[in-house]
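Notes for the one structure printed next.
In this text the structure is predicted, and so the values were computed from the model without any measurement. Every chain is numbered from 1, with letters handed out A, B, ... down the list of sequences.
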There are 2 protein chains.
Amino acid sequence: MKGPCSQHTHRHRLIQPSLTDLTAQLRRNSRKITASRQAILNVLRRHQHPLTNREIHAALAGFECDLATVYRNLNTLEEMGMVRRFDFGDGVARFELLTEGDDGHHHHLVCTRCSTVVEIEDCFPAELEAALAARHGFTQISHKLEFFGVCPECRVQKLA
Amino acid sequence: MKGPCSQHTHRHRLIQPSLTDLTAQLRRNSRKITASRQAILNVLRRHQHPLTNREIHAALAGFECDLATVYRNLNTLEEMGMVRRFDFGDGVARFELLTEGDDGHHHHLVCTRCSTVVEIEDCFPAELEAALAARHGFTQISHKLEFFGVCPECRVQKLA
DNA sequence: TTCTCTGCAAACGCTTTGCATTTCA
DNA sequence: TGAAATGCAAAGCGTTTGCAGAGAA
């Protein structure tokens, strides 16, 4: 978790919400369609891997806004379910855009050398989770799961 | 993640390292056996669920030391492999004492209402993890996994 | 004595917040 | 017009660090 984030590679999901959908969703929640929000949403649409507030702020093209505004908007967008927050354990929140109807539940494989992020299709087996919940009498169970390792490029670099 | 941590319940693991082992381990790493370290280790031995730096500091009995010293010592103990750091995603580090030879790899089930923590025996299936690593060409793979839900007590409280 | 540790206070990084002003509906 | 959003600056919070003095080996 050290390299600059511009080097992230990422397997993109196929569906990208259109900007129209996004603004419609904003309207439905009686939130205003401001220039900063449009700019933030555009950044998230372009880079579909987890971005920090600072990265989003730096990537704003054309329209600039205060970093505090980025923080505020991402919290708002998360509340509205338009964005999902991820935590890679380094004390910095990261966000990905969601498509409507998609809860965005998935996991990542993060390179501990260069911070490359790969989106993962695997998940903790649902039947195991259900059994675990039942065993301890817990309800409304969920989980956070992220994988870490050394990516192919970094492994080669070390050998060289 | 809101209740006070004194209410944590926890399934204790059977093996508890003796204080003698701990000081021996310190000596081996040519670290000094100071009063604050002994007090911290005693706190960790008494409460065998994940504790924050602040909680450890508050639980110090008899010997008091600076909060910064607690932070420094837990980092040192982690480097030495005597303690394992956990991250429940609330921005606060938590620590558990390890027994020698045990890497402490396990997971938790945390109540989102009262913060009760249950130690979990389940883990992400190793063969799935290996396949995942191979699929993406990653090596030295590891994972972070924590479960969240509503504990039996809190569910009952809500119904009442 | 020497190297490590500690207390204290200050700094750091991420994030939130109060307030006056601007902007969207 | 009125509610929501923004910029700016300050504060909050967990954590780290610089430095001089204290303590273990």
Spacing of D66(B) atom CG relative to dA9(C) atom P, expressed in whole Å: 9 Å

dT16(D) phosphate, OP1 or OP2, under 4.0 Å from N75(B) side-chain N/O: yes

Of the listed nucleotides dA25(C), dA25(D), dC14(C), the one nearest the side chain of Y71(A): dC14(C)

Check: F124(B) ring centre within less than 6.0 Å of F147(A) ring centre: yes

Chi angles and distances behind the side-chain hydrogen bond (donor to acceptor under 3.5 Å, both in side chains) call for E55(A), H47(A): CA-CA 10 Å; E55(A) 286 165 352; H47(A) 316 269; over 6 Å; no

Atom pair distance, as rounded to whole Å: CG in N53(B) and P in dT17(D): 14 Å

Smallest separation among heavy atoms of T69(A) and S36(A), with atom names: CG2-OG, 3.9 Å

Sugar-phosphate, base or nothing in reach of A68(B), heavy atoms under 4.0 Å: base

Protein-nucleotide distance (L67(B), atom CG; dC8(C), atom P), rounded to Å: 12 Å

Touch class at under 4.0 angstrom, heavy-atom based, for R31(B) against every strand present: sugar-phosphate

Gap between atoms CZ and C1', on R37(A) and dA4(D) respectively (whole Å): 8 Å

Quiz item: R72(A) side-chain donor-acceptor pair to dG7(D) base, under 3.5 Å: yes

Rounded interatomic separation in angstrom, taking CG from D90(B) and P from dT15(C): 14 Å

Any T34(A) side-chain nitrogen or oxygen under 4.0 Å from OP1 or OP2 of dT6(D): yes

Ion pair R94(B)/E146(B), N-O distance below 4.0 Å: no

T76(A) vs A93(B), nearer the 5' end of DNA chain D by closest nucleotide: T76(A)

Nearest-Å distance for atom pair NZ/C1', residues K32(B) and dT2(C): 7 Å

Whole-Å distance separating the CD atom of E79(A) from the C1' atom of dT16(C): 13 Å

Atom-to-atom span, CD of E55(A) to P of dT15(C) - whole angstrom: 11 Å

Shortest non-hydrogen contact between H107(B) and L145(B), atoms and distance: ND1-O, 2.8 Å

Shortest side-chain distance from T69(B), nucleotide among dT15(C), dG7(C), dC24(C): dG7(C)

